[in-house]
There are 2 protein chains.
Amino acid sequence: MSQHRHPGAPGRAGAVPALPDLPEATVARLPEYLRALHNLADAGHETVSSEGLAGAAGVNSAKLRKDLSHLGSYGTRGVGYDVALLIDQIEFVLGLTQRRAVALVGVGNLGHALAGYDGFASRGFRIAALFDADASRVGEMINGLVVRHIDELPRVAAEEAISIGVIATPAPAAQAVAEQLVAVGVTSILNFAPCVLSVPDGVDVRKVDLAIELQILSFHEHRKASLTALPAAGGSALTALPGGLATPDTQEAIGT
Amino acid sequence: MSQHRHPGAPGRAGAVPALPDLPEATVARLPEYLRALHNLADAGHETVSSEGLAGAAGVNSAKLRKDLSHLGSYGTRGVGYDVALLIDQIEFVLGLTQRRAVALVGVGNLGHALAGYDGFASRGFRIAALFDADASRVGEMINGLVVRHIDELPRVAAEEAISIGVIATPAPAAQAVAEQLVAVGVTSILNFAPCVLSVPDGVDVRKVDLAIELQILSFHEHRKASLTALPAAGGSALTALPGGLATPDTQEAIGT
DNA sequence: CGCGATTTGTGCACGTCTTCACAAGCGCCT
DNA sequence: AGGCGCTTGTGAAGACGTGCACAAATCGCG
């Protein structure tokens, strides 16, 4: 099914062409493909096979082909995918054709680092404003931006079209900040505070918790240790664990 | 199935009792339960129902019960779970009964923030050493730790039992660092560099890419915008999107 | 001592994601 | 023009994860 997507194929038409609703798992992998494609483009490649791109993105080729097929992408059989075209398609689907404005709330340890992280700028985002509730931090300049008090959020949001809010406050403050963001119309939030946010329907929240990532790794360490401690069968070489047990595919199991 | 786990129920015996191999999705949620449980304990609760804990952790209660049943946990029907006992069990399964030593490589913008993040210490980890390849950064003190040159990794690893390596270098350096970590026996790596690491079997890698998180949110923004732009049916209130479309369960869909 | 209210643990059905395997399509070489 | 090798796109099967709904178990109260 689904032969013809994106009516006039190459130059995407001005109006929004009703996004095919992609499986969430696919959406989570598209950014990785995009990054790999940029690398390939920089290295001078004009086309790439599903095998090649899959290798660069750390997935298997069947998965990659199915993912790309979902967005109606046109590869050429016998040849592969056109790198530049595919970059355009993925950037379009991800909504990266416009440079989205990000508001960052909480300029502590982590917030500072995020404000200075140039990976955002290079991958389609612009940090439009910094906020904090701590009066002693207000006025500070970070990376060319001045830290504003959180109460100024409504005024600033009226000027800049804030697309995404990033919360990097301590946990106790996060829920209130989320509500303030929602109140000014933000419908996508990236939460670094270790707590659950409750938001109205229609608002997307993604959470990144650094300690949780370590704890998941800790589990696997613990399991590996217990396996070698009670050796079920022969082998002692710790690189040659039973097989199915060792790292099924942790690498991309994260995004999902 | 699975009545009796952990032979002598409460005080876990000295030896390792052969971890039940949990579904990966469950493992990813346990840390969240743990955090919620600590909050409950601090608030003075001695027991909690699956409904209550599920609410605090942002999942539904059936999922929570199934997750806990996997680790053979004993709740009491009609009452709920003993908070303190459950904390012990989860911490044991996650391997948090020992305070794991973490080596952090790359003391740039992000690395600095990570080194100063006290969430690690409070949740079972100890940053044991900081490394960087840049000679101008070596010797700097961060949070009571001195930054060492990456070449000292083998010597330091011999002293401290490094359990987990964290890579916060620029992408081009990450693969080499990963290999150095593996060479000194590290089998769990948390990678913040935007690139795919290739490591031997038996080594677990988890990746956190901040730009990818934003790009996933961007997709949802883009989709929401395209939906309201071509209004299929009646409603205009942007909080009342069709329902199935709005945020199925992004909140916990992350860990997986 | 028995009963009802409550809450866990789980069998089952459903949906989603992954993987295999192969037909269809494309370019190139003869 | 024809055939051959390569690569995509996809049907189908299997693995995995989720959520419902209910039986089994426990507590407290009369």
Side-chain angles (χ1 to χ4, degrees), chain A residues 1-5 20-30 32-33 45-55 57-83 85-86 89 244-245 248-256, chain B residues 1-5 20-30 32-33 45-55 57-83 85-86 89 244-245 248-256:
Chain A
M1 55 178 77
S2 89
Q3 296 284 74
H4 312 286
R5 244 59 177 275
D21 57 348
L22 308 174
E24 193 57 34
T26 296
V27 174
R29 281 187 295 263
L30 287 181
E32 195 71 45
Y33 301 157
H45 293 72
E46 299 200 344
T47 66
V48 63
S49 70
S50 64
E51 198 80 36
L53 181 53
V59 301
N60 80 43
S61 62
K63 202 184 318 198
L64 179 129
R65 284 199 299 276
K66 184 147 290 188
D67 282 343
L68 294 187
S69 80
H70 281 128
L71 41 90
S73 167
Y74 306 153
T76 313
R77 300 179 189 222
V79 177
Y81 298 91
D82 182 293
V83 172
L85 176 64
L86 200 47
Q89 290 217 0
L245 298 168
D249 59 327
T250 319
Q251 192 113 341
E252 68 273 9
I254 289 177
T256 318
Chain B
M1 55 179 78
S2 89
Q3 297 284 75
H4 312 286
R5 243 60 176 273
D21 57 350
L22 307 174
E24 191 58 33
T26 295
V27 174
R29 281 187 294 264
L30 288 180
E32 195 70 47
Y33 301 156
H45 293 72
E46 299 200 343
T47 64
V48 64
S49 69
S50 64
E51 198 79 36
L53 181 53
V59 302
N60 79 42
S61 62
K63 202 186 317 200
L64 179 128
R65 285 199 300 274
K66 187 152 292 188
D67 282 343
L68 293 187
S69 80
H70 281 127
L71 41 90
S73 168
Y74 304 154
T76 313
R77 299 178 188 220
V79 177
Y81 298 91
D82 182 292
V83 172
L85 177 63
L86 200 47
Q89 289 217 0
L245 299 167
D249 60 325
T250 319
Q251 192 114 335
E252 67 273 9
I254 290 178
T256 318

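In what follows, every chain begins at residue 1, and chains take the letters A, B, ... in the order their sequences are listed.
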Calculate the interatomic distance between [X] atom [atom1] and [N] atom [atom2]; express it in whole Å.
X: B/R65; N: D/dT18; atom1: CZ; atom2: C1'; value: 13 Å
X: A/R77; N: C/dC26; atom1: CZ; atom2: C1'; value: 9 Å
X: A/L64; N: D/dT7; atom1: CG; atom2: P; value: 14 Å
X: B/E51; N: C/dT8; atom1: CD; atom2: P; value: 8 Å
X: A/K63; N: D/dT7; atom1: NZ; atom2: P; value: 21 Å
X: A/Y74; N: D/dT7; atom1: OH; atom2: P; value: 22 Å
X: A/D67; N: D/dT8; atom1: CG; atom2: P; value: 14 Å
X: A/L68; N: D/dG9; atom1: CG; atom2: P; value: 8 Å

Checklist entry - Distance from B/H45 atom NE2 to B/D82 atom CG, nearest 0.5 Å? => result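 With rounding to 0.5 Å, NE2 (B/H45) is 13.0 Å from CG (B/D82).
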Checklist entry - If you measure from OG on B/S61 to CG on B/L68, what distance do you get to the nearest 0.5 Å? => result 11.0 Å
Presence of [X] side-chain N/O under 4.0 Å of [N] phosphate oxygens OP1/OP2:
X: B/S50; N: C/dT8; result: yes
X: B/Y81; N: C/dG9; result: yes
X: B/N60; N: D/dT18; result: no

Checklist outcome for this item: Ranking D/dT7, C/dG27, D/dG17 by distance to the side chain of A/S49, first place goes to D/dT7
Checklist entry - Of all the nucleotides listed (C/dG27, D/dG17, D/dG9), which has the minimum atom distance to the side chain of A/S69? => result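 When the side chain of A/S69 is considered, D/dG9 is the closest of C/dG27, D/dG17, D/dG9.
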Next on the checklist: Any non-hydrogen side-chain atom of B/T47 less than 4.5 Å from a side-chain atom of B/T76?
Outcome noted: no
Item to check | Heavy-atom pair of closest approach, residues B/E32 and B/A57 | outcome: CG-O, 3.6 Å
Item to check | Which atom of A/Y33 lies closest to which atom of A/L53, heavy atoms considered | outcome: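 Minimum heavy-atom separation between A/Y33 and A/L53: O-CD1, 4.2 Å.
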Checklist entry - 5'-most contact on DNA chain C: A/P23 or A/A62, nearest heavy atom basis? => result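 Between the two, 5'-proximity favours A/P23.
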Item to check | Polar pair under 3.5 Å, donor/acceptor by atom type, side chain B/K66, base D/dG19 | outcome: yes
